Amino acid sequence: MWISRLVLTDFRNHARLSLELDRRPVVLAGPNGAGKTNVLEAVSLLAAGQGLRRVPYDELARHGGNGGWAVAATLQTESGPVEIGTGHDPMRSGSQRPGQGRSVRVNGEPQTGSGVLADLVEMVWLVPAMDGLFTGPGGDRRRFLDRLVLCFDPGHGTRYGQLERAMRQRNRLLEDGVREPARFHGLEQIMAETGVAIAAARVATLAGLAATIEARRARASDSPFPWATLALEGTLEGDLAMRPAVEVEDDYVRRLAASRERDRAAGRTLEGPHRTDLVVGHGPKGMPASASSTGEQKALLVGLVLAHAELLAARRSGEAPFLLLDEIAAHLDSRRRAALFREITRLGSQAWMTGTDVDAFSAILNDAQSIPVTEGGIGGHATATLW
């Protein structure tokens with residue numbers, strides 16, 4: 001699977017951009033601020049979800065434009081080309097408030113949301129904002145984990161949304177001083193049903209990822225990307241390791257009921273899958289990833305992303321996901337860069353990589369398509385048509 005044509009209109013700093021591509025990896029090289037990451041962000045919106053920056057859609061519109069934007073692409077698949085278009089137009093959104101969602105078309109047919117793209121496109125990305133994943137707040141690792149899960153279970157995001165809505169309503173009842181059990185029971189039942197399903201999906205994804213990491217370790221024990229140990233710190237995830245899901249669900253309902261006054265005093269729900277943390281260790285050194293050096297943490301993170309991509313490919317009959325690697329050479333020495341490029345070539349992914357110095361990609365340039373990016377823009381002047 002690969003993108004043969006990409007067209008942006010009024011997206012970020014790109015008024016008009018058109019790229020004609022082949023199936024090889026893509027290297028976007030140029031100075032900071034030229035719009036390299038913006039191109040990666042546009043590509044990320046060809047998949048389900050909010051894209052790699054997760055910002056409101058109205059913020060993606062070019063300053064000085066009409067407030068809307070569009071991204072269109074021709075996706076080459078084993079079944080033939082697929083045309084994907086997505087965008088946001090506040091003038092055509094009707095009652096929809098600015099920033100509330102985006103339109104999607106597949107082969108010219110309007111879709112109800114971006115979820116349909118999960119069946120077409122898989123993407124894995126690594127951006128500089130993730131460099132502090134192992135030392136930052138648990139919420140960052142939880143979002144990273146749930147992005148991994150979403151690639152295997154498109155319904156994961158829907159269930160998490162249901163959990164959050166029920167939890168917000170429960171918290172509001174607690175804040176308002178409500179104490180009638182009947183007002184809480186239905187919400188806590190939804191939280192238990194969706195919470196256990198979320199936890200089970202996380203456990204299953206991590207098990208698959210751990211098996212892939214072990215296979216990679218056996219295949220290349222001297223890899224410059226150290227193997228990682230993975231664990232989940234969460235009540236429901238821990239309970240599922242010992243008891244059937246139905247028992248864990250019933251027990252969570254009882255605990256939510258018993259903890260209402262505690263949660264009322266705290267002003268929030270203190271137990272559930274929204275509190276789970278992903279614990280990563282540096283396998284060869286037997287130490288927490290958070291205690292590793294900056295370079296080691298970057299190498300661990302790259303190894304995790306590659307293992308995830310490999311697992312996705314295995315579950316999709318060898319069809320590799322797209323890899324979006326922003327400023328990937330920043331913390332990698334020449335040995336690790338060369339090893340990464342070999343992995344990309346072996347995987348067969350149309351990886352999209354950015355960097356300020358094209359020479360940093362010298363080990364892959366013979367097998368990639370290099371596109372210079374300047375403040376004057378790149379590509380031609382086609383217009384992406386969505387509506």
Side-chain angles (χ1 to χ4, degrees), residues 49-50 54 130 132-210 228-281 288-290:
Q50 291 182 266
R54 295 181 56 83
M130 296 164 61
L133 184 71
F134 303 130
T135 56
D140 291 347
R141 289 182 292 280
R142 191 161 50 249
R143 282 187 290 274
F144 174 78
L145 169 63
D146 285 330
R147 175 66 193 173
L148 303 187
V149 177
L150 190 61
C151 290
F152 302 105
D153 183 357
H156 186 71
T158 300
R159 288 191 292 273
Y160 207 97
Q162 293 170 339
L163 170 71
E164 289 187 322
R165 285 192 294 275
M167 187 162 52
R168 282 196 299 269
Q169 293 177 54
R170 179 180 183 267
N171 290 345
R172 192 174 301 118
L173 291 178
L174 294 172
E175 182 181 352
D176 292 344
V178 175
R179 284 181 164 79
E180 294 89 345
R183 299 279 300 276
F184 289 90
H185 181 72
L187 296 173
E188 291 171 348
Q189 189 66 46
I190 292 173
M191 289 175 63
E193 292 172 358
T194 57
V196 171
I198 289 166
R202 287 170 173 170
V203 169
T205 297
L206 225 63
L209 191 58
T229 60
L230 305 172
L232 290 172
E233 281 189 354
T235 304
L236 297 185
E237 290 84 359
D239 288 349
L240 284 170
M242 299 179 291
R243 288 181 291 161
V246 63
E247 292 184 11
V248 176
E249 188 177 307
D250 290 343
D251 189 48
Y252 187 38
V253 170
R254 288 191 291 270
R255 291 206 301 271
L256 284 171
S259 65
R260 289 172 195 158
E261 293 308 313
R262 181 196 65 180
D263 292 348
R264 192 191 311 275
R268 64 188 187 281
T269 301
L270 294 176
E271 183 181 333
H274 62 294
R275 306 276 290 181
T276 299
D277 199 355
L278 172 64
V279 182
V280 181
S290 58

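Values reported hereafter were calculated over all heavy atoms of this structure, with side chains retained and with hydrogens, waters and symmetry mates removed. Every value quoted in this text rests on a predicted model; they were computed, and no experiment measured them.
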Identify the heavy atoms of [X] and [Y] that sit nearest to each other, and give their distance.
X	Y	answer
Gly138	Asp277	CA-OD1, 3.8 Å
Ala166	Leu187	CB-O, 3.9 Å
Gly157	Leu150	N-CD1, 3.6 Å
Leu236	Pro273	CD1-CD, 3.6 Å
Tyr252	Glu271	OH-O, 2.7 Å

Side chains of [X] and [Y]: closer than 4.5 Å at any heavy-atom pair?
X	Y	answer
Leu206	Leu145	yes
Leu270	Ser259	no
Leu230	Val280	yes
Leu256	Thr269	yes

If you round to the nearest 0.5 Å, how far is [atom2] of [Y] from [atom1] of [X]?
X	Y	atom1	atom2	answer
Leu148	Asp153	CG	CG	12.5 Å
Met191	Ile198	CE	CD1	10.0 Å
Arg159	Asp146	CZ	CG	10.5 Å
Arg268	Arg170	CZ	CZ	12.5 Å
Phe134	Leu278	CZ	CG	8.0 Å
Gln169	Arg183	CD	CZ	10.5 Å

Under 3.5 Å, is there a donor-acceptor pair linking the side chains of Thr276 and Glu237?
-> yes
Between Arg260 and Asp263, is there a salt bridge with N-O shorter than 4.0 Å?
-> no
Before accepting this row, confirm whether a basic side-chain N of the pair Glu261/Arg264 lies closer than 4.0 Å to the acidic partner's carboxylate O.
->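 Arg264 and Glu261: salt-bridged.
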Quick check: does any side chain N or O of [X] sit under 3.5 Å from a backbone N or O of [Y], one acting as donor and the other as acceptor?
X	Y	value
Arg275	Glu233	no
His274	Met167	no
Arg202	Leu232	no

Over 12 foreign heavy atoms within 6.0 Å of CZ, Arg54 = no
I would like to know whether Thr235 and Arg255 meet side chain to side chain contact (heavy atoms under 4.5 Å, CB included); could you show each step before the answer?
-> CA-CA 11 Å; Thr235 304; Arg255 291 206 301 271; 3.1 Å; yes
